Amino acid sequence: MTNMKKQILQAGLLATLINGMASGALMAAPPDAARRSELIDLLKQDCGACHGMRLKGGLGPALTPDAIGRLSIETISETILHGRPGTPMPPWQPFMSRDEAVWLAGRLKAGVD
Amino acid sequence: MRASMKSLFLIAWLLAISLPVAAECQLRGTGDLALVIERATGSAQVIDTTHRRSLFHVKGLGDLSHASVVYSRDERYAYVFGRDGGLSKIDMLCGTLVKRIVQGGNSIGGAISQDGRFIAVSNYVPGGVKVFSAEDLSLVFDLPATAISADKNSKTVGLVDAPGERFVFSLYDTGEIWLLDMLNPAKPKVTRFTGVGRQPYDGLITPDGRYYIAGLFGEDGLAMLDLWHPEKGVTRIMDHYGRGERKLPVYKMPHLEGWAMAGDTAFLPAVGHHEVLVADRHGWKEKARIAVHGQPVFVMAQPDGRRIWVNFAFPDNDTVQVIDTESLKIIKTMKLGKGVLHMEFAPRGEAVWVSVRDRNHILEFDTRTLKPLAELPATKPSGIFLSARAHRTGL
C-alpha cells in the first residue's frame with residue numbers, strides 16, 4: 001500500500017470513529033467502486049462457500065433480506081468482522097475494514113442479486 | 001469435374017459429421033467423458049478427455065454452488081446435485097437434460113446405490129435424506145433427520161454409498177451417523193449412532209467400502225464406523241490431533257471425499273491448521289504432519305499412490321501443492337490463479353484435471369512431469385467429475 005493510500009485509509013478510519021462517537025451510530029464511508037465489486041465477489045464466492053453462492057443458505061444460514069432483516073446493520077457487521085466463536089462462522093477482520101463490513105451488511109439487508 | 005464435385009460433397013459431409021452438434025447424440029463410448037460444473041451460470045459442459053474438447057453445454061441446472069455428480073453404472077447418465085435442491089439427470093451422449101426435479105430446499109450432495117437403482121440426496125433444508133429411483137427420479141423413500149426445533153431438522157452431510165444397497169451419512173447439528181439399508185426398498189432399515197462427536201461436517205468411505213469416517217468440526221479427531229461390524233458402534237480415531245493447539249479460523253470446510261490413501265498411509269486435511277496429517281491406516285494413529293501453504297480443502301492421492309495433490313481454502317486458493325508420499329516432502333508449488341476449486345484424476349492416474357475459477361478455464365496436468373497438457377475454457381468452473389466415478393464406491 002502506498003503512503004498516500006494509507007493516509008487516506010487512516011483518515012477514513014478516524015472520520016468514522018469521530019462520526020461514530022458523535023452520532024453514536026455507525027456511519028460508513030462507502031468503499032470505492034472497484035473495492036465494492038471485490039466485496040460482492042468475495043460475498044458470492046467465499047461467503048458463498050458456506051452460505052450458498054446465491055446466499056440462500058448452506059452450512060451457514062441464508063443471508064437473504066427476509067432471513068436477516070431482523071438483524072441490525074451493527075449485529076451483521078460485527079458478526080462478519082468477528083465471526084461466531086464455537087461455530088464455523090470465521091472472522092473476516094483480516095480481509096476487510098469496519099466500513100467495508102458495514103457497507104456489506106447494508107447490501108445484505110437490501111438484497112444482492 | 002464430376003469426380004471433384006463428389007469429393008467436395010464428401011469433404012463437406014465428413015466435416016458435418018465430425019463437428020459436434022448439440023442435441024445430436026454421439027455414437028461413442030462414455031468412459032473418457034467428464035462433466036465440468038459452471039456454477040455461476042448454472043450450466044455444465046460435457047468434456048471428451050481423450051481429445052480434450054468440449055462436446056456439449058447443458059443449461060438450466062439451477063444453483064450449482066457446491067454441486068456434485070454421480071454416474072449411472074453404464075456411464076451414460078450423470079446425476080447432478082445442486083444447492084437449490086435440484087436433482088438433474090443428464091444424458092452424456094446427447095448433451096441433454098433428461099429430467100430435473102427440485103426435491104428439497106437446500107441440498108449438499110448425493111450418492112448412487114451399489115447396483116445403481118437408487119439415488120440418495122442429502123438435504124440441509126428440510127434436514128434429511130431422500131431416495132429416488134435412478135430411472136425416473138420418482139421418490140422411493142423420505143427420511144427426515146432428527147428434529148432440532150419445531151420446524152427444523154438437523155442438516156445431513158457426508159452422504160456416501162456403501163456395499164449392500166446401503167447409504168451412510170452424518171447429522172451436523174445432532175452429532176449422529178445414520179446407516180440406511182435399501183436392500184428391501186419397501187421396508188428400508190435405519191440404524192442410528194448417536195453421540196459420535198460435535199458438528200460432523202463431511203464424511204468419506206474407504207475405497208473398499210468398509211470404513212465410514214466423519215470429520216468433526218467441533219472437536220478434534222474423527223468418528224469411524226466399521227461397516228463389517230456396525231454392531232461395534234462408532235469409534236473415535238486420531239483424537240489427539242490438534243488437541244490444545246490454537247486453531248485458525250476456517251474459511252472453507254475441507255472435503256473428505258478425496259481423502260487420500262497411499263499404501264498403509266492415509267493423508268487428510270487438518271481442520272484449522274496449515275497442515276496435511278499423515279496417519280497409519282492400521283492403528284489409525286498420527287505418523288507425521290506436513291506443513292503446507294494454507295488450510296487444505298482437497299487432499300487427493302494419485303491413483304498410483306505416489307503423490308498427493310492439495311488445494312487450499314480462501315485466501316490461499318490460488319495454489320496447488322504436490323507432495324511425494326515416500327519422503328513426505330513438497331516437490332512442487334504451483335500458482336494457477338484465484339479459485340483453484342477442484343482436482344480430478346484420470347482413472348489410471350496419468351493426468352489430473354484442475355479447475356481455476358477466476359481464469360475461466362480447466363487445466364490438465366501430466367502427473368509424471370507435473371507440466372500442463374491442455375487448457376479448456378469454462379465459465380467459472382468448480383467441480384470436475386469424470387465418468388469413471390461410476391465404478392467406484394463412495395464417489
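Numbered from 1 within each chain, the chains take letters A, B, ... in sequence-line order. All of these numbers come straight from a predicted model, not from anything done at the bench. Computation of the quantities below employed the complete heavy-atom set of this structure, encompassing side-chain atoms and omitting hydrogens, waters and symmetry-equivalent molecules.
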- prompt: Under 6.0 Å between the ring centres of A/W92 and B/Y251?
  reply: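 Close enough - the centres of the two rings lie under 6.0 Å apart.
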
Residue B/N317 versus chain A: region with a heavy atom under 4.5 Å: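 The answer is the side chain of B/N317.
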
Contacting moiety of B/D63, where chain A heavy atoms sit under 4.5 Å: both

- prompt: Mind checking whether B/H293 and B/F312 have parallel, tilted or perpendicular rings, split at 30° and 60°?
  reply: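 Correct class here is perpendicular.
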
Choice from A/C50, A/G48, A/A49, A/G58 maximising heavy atom contacts with chain B below 4.5 Å: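 Answer, by heavy-atom pair count under 4.5 Å with chain B: A/G58.
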
message: If we define contacts as heavy-atom pairs under 4.5 Å, which of A/G57, A/G52, A/G83 has the most with chain B?
response: A/G57

- request: Keeping the roles fixed (side chain from B/S122, backbone from B/T156), state whether a donor-acceptor pair exists under 3.5 Å.
  value: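 Side chain of B/S122 to backbone of B/T156, a donor-acceptor pair under 3.5 Å: yes, one is there.
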
message: Is it the case that the side chain of B/S355 and the backbone of B/I362 share a donor-acceptor pair, with hydrogens and angles ignored and the cut-off at 3.5 Å?
response: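 Flag not set: sc B/S355 to bb B/I362 has no pair under 3.5 Å.
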
message: Taking every non-hydrogen pair under 4.5 Å, which of B/R198, B/R39, B/Q199 racks up the most with chain A?
response: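 Top option by heavy-atom pairs under 4.5 Å: B/R39.
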
message: Looking at every non-hydrogen atom in both residues, tell me the closest pair between B/Y201 and B/M253 and how far apart they are.
response: CB-CE, 4.1 Å

- prompt: Where on A/P85 is there a heavy atom nearer than 4.5 Å to chain B: the side chain, the backbone, both, or neither?
  reply: neither

